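All of these numbers come straight from a predicted model, not from anything done at the bench. Numbered from 1 within each chain, the chains take letters A, B, ... in sequence-line order.
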Protein chains: 2
Amino acid sequence: MSSARDDFIDILKNNQQSVTKARLSVFEALLGQEPLDMHTLVARVPKTDRASVYRAVELFERLDIVQRLHTGWKYKLELTDKFTAHHHHLTCINCGRTIPMNEAELERVIEDLAKAHHFRPTAHQIELQGYCHRCSAVS
Amino acid sequence: MSSARDDFIDILKNNQQSVTKARLSVFEALLGQEPLDMHTLVARVPKTDRASVYRAVELFERLDIVQRLHTGWKYKLELTDKFTAHHHHLTCINCGRTIPMNEAELERVIEDLAKAHHFRPTAHQIELQGYCHRCSAVS
DNA sequence: TTAGGTGCAAAGGCTTTGCACCCAA
DNA sequence: TTGGGTGCAAAGCCTTTGCACCTAA
């Protein structure tokens, strides 16, 4: 039984990277959260310098710990499938809410499509934009 | 029988926007091209100022003439479905080939999913990365 | 004619970098 | 102990903005 934090530490060690306070702080700020934008992430680790947050995120992306999620004009950061179940998002273009979705059917269709194109998929992104339940009622 | 250029002009006029040389240049730079990043787009309209290209792109996005396509870290710009058939891409991470795909089943699943989440979708992106037929055989 | 659009230059905002100091291993 | 990591400040980039001039309608 290993915690996400332990898994994280293992990944760093397996890649000859130091386990530092700054990196742990950034990782924990991302744990169990909605996807965060850089601004918010930086605010959540007040004891860590902005530059170190950027450096940690860059490292995490290389080690496949974190992924960028493009929502319209900006991007948000979230832990990869290693730490959270594989999923995609519905992003509300009115209130900015990000709604996760995890649908087996979608995954199956993706697989079938790739196969039909003789394509061996290693990753995919599926993002929907529109109006969430609440904003749809209003607008 | 109307050309893409005529459709473009109609959209501008219908929205009380002037048909200017700069806007036509930017539009034509995007016509029939692969998705372009800002840097490339600016380079393709040498007689138009950088700022005007940004302003044109911003306007085009509002009028649903252009959409941003996020490819990894950056974004590219391409004309919307009004000017090119709706499609998604398979991108080979080995040779870089971009294979367009247009699959009704995928669209249907997307619609169903959104509905299940009480979400009113206005747009979506689906991108797969992996190995194309040729590169899959080699690697 | 004139309101909107453009070019230029300068400002903004986010991200990266250089460097001396610090700390994980 | 010591090489990688961090904090700080400054530089870089991409993008946006202010303003005077230009041009489409």
Asks: Report each atom pair, protein N/O against N/O of nucleotides 7-10 of chain C, whose distance is under 3.5 angstrom.
Replies:
from: C:dG7; atom 1: OP1; to: B:Lys47; atom 2: O; distance (Å): 3.2
from: C:dG7; atom 1: OP2; to: B:Asp49; atom 2: N; distance (Å): 3.0
from: C:dG7; atom 1: OP2; to: B:Ser52; atom 2: OG; distance (Å): 2.5
from: C:dG7; atom 1: N7; to: B:Arg55; atom 2: NH2; distance (Å): 2.8
from: C:dG7; atom 1: O6; to: B:Arg55; atom 2: NH2; distance (Å): 3.3

Asks: Would you mind telling me which of C:dG4, C:dA24, C:dT15 lies closest to the side-chain atoms of A:Tyr75?
Replies: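 Of the options given, the side chain of A:Tyr75 lies nearest C:dT15.
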Asks: For B:His124 together with B:His86, are the ring centres under 6.0 Å from each other?
Replies: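 When the ring centroids of B:His86 and B:His124 are compared, they turn out to be within the sub-6.0 Å range.
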Asks: Measure NZ/B:Lys21 against C1'/D:dA25 and give the value in whole Å, please.
Replies: 14 Å
Asks: Do we see a donor-acceptor contact under 3.5 Å between the side chains of B:Thr40 and B:Asp37?
Replies: yes
Asks: Rounded to the nearest Å, what distance is computed from the CG atom of residue B:Asp37 to the C1' atom of nucleotide D:dT15?
Replies: 14 Å
Asks: For D:dG5, does OP1 or OP2 lie under 4.0 Å from any side-chain N or O of A:Gln17?
Replies: yes
Asks: Nearest to the A:Ser18 side chain among D:dA24, C:dT15, D:dG4, which nucleotide is it?
Replies: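 Between D:dA24, C:dT15, D:dG4, the one nearest the side chain of A:Ser18 would be D:dG4.
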Asks: I want to verify a distance call: between C:dG5, C:dA25, D:dT16, whose nearest atom is closest to the B:Tyr54 side chain?
Replies: D:dT16
Asks: Calculate the interatomic distance between A:Leu12 atom CG and D:dG4 atom P; express it in whole Å.
Replies: 16 Å
Asks: Decide if atom NZ of A:Lys82 counts as having more than 12 heavy atoms of other residues, nucleotides or ligands within a radius under 6.0 Å.
Replies: yes
Asks: At less than 4.0 Å, is any side-chain N or O atom of A:Thr20 found next to OP1 or OP2 of D:dT6? Yes or no.
Replies: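 True: A:Thr20 side-chain N/O within range (under 4.0 Å) of D:dT6 OP1/OP2.
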Asks: Under 3.5 Å, is there a donor on one side chain and an acceptor on the other for B:Gln67 and B:Glu61?
Replies: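 There is no such pair between these side chains.
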Asks: Once you round it to whole Å, what is the distance between P of D:dT6 and CD of A:Glu58?
Replies: 12 Å
Asks: Between D:dA25 atom P and B:Asn14 atom CG, what is the distance in whole Å?
Replies: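 Taking CG of B:Asn14 and P of D:dA25, I get 13 Å after rounding.
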Asks: Has A:His39 got more than 12 heavy atoms of other residues, nucleotides or ligands less than 6.0 Å from its NE2?
Replies: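 Count not over threshold, so no.
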Asks: Is the gap between the ring centers of A:His89 and B:His117 under 6.0 Å?
Replies: no
Asks: Is the A:Phe83-A:Phe8 ring centre distance short of 6.0 angstrom?
Replies: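 When the ring centroids of A:Phe83 and A:Phe8 are compared, they turn out to be at least 6.0 Å apart.
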Asks: What is the separation between atom CZ on B:Arg23 and atom P on C:dG4, rounded to the nearest whole Å?
Replies: 11 Å
Asks: Output the rounded distance in Å from CD (A:Gln16) to C1' (D:dG5).
Replies: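 About 16 Å, once rounded to whole Å.
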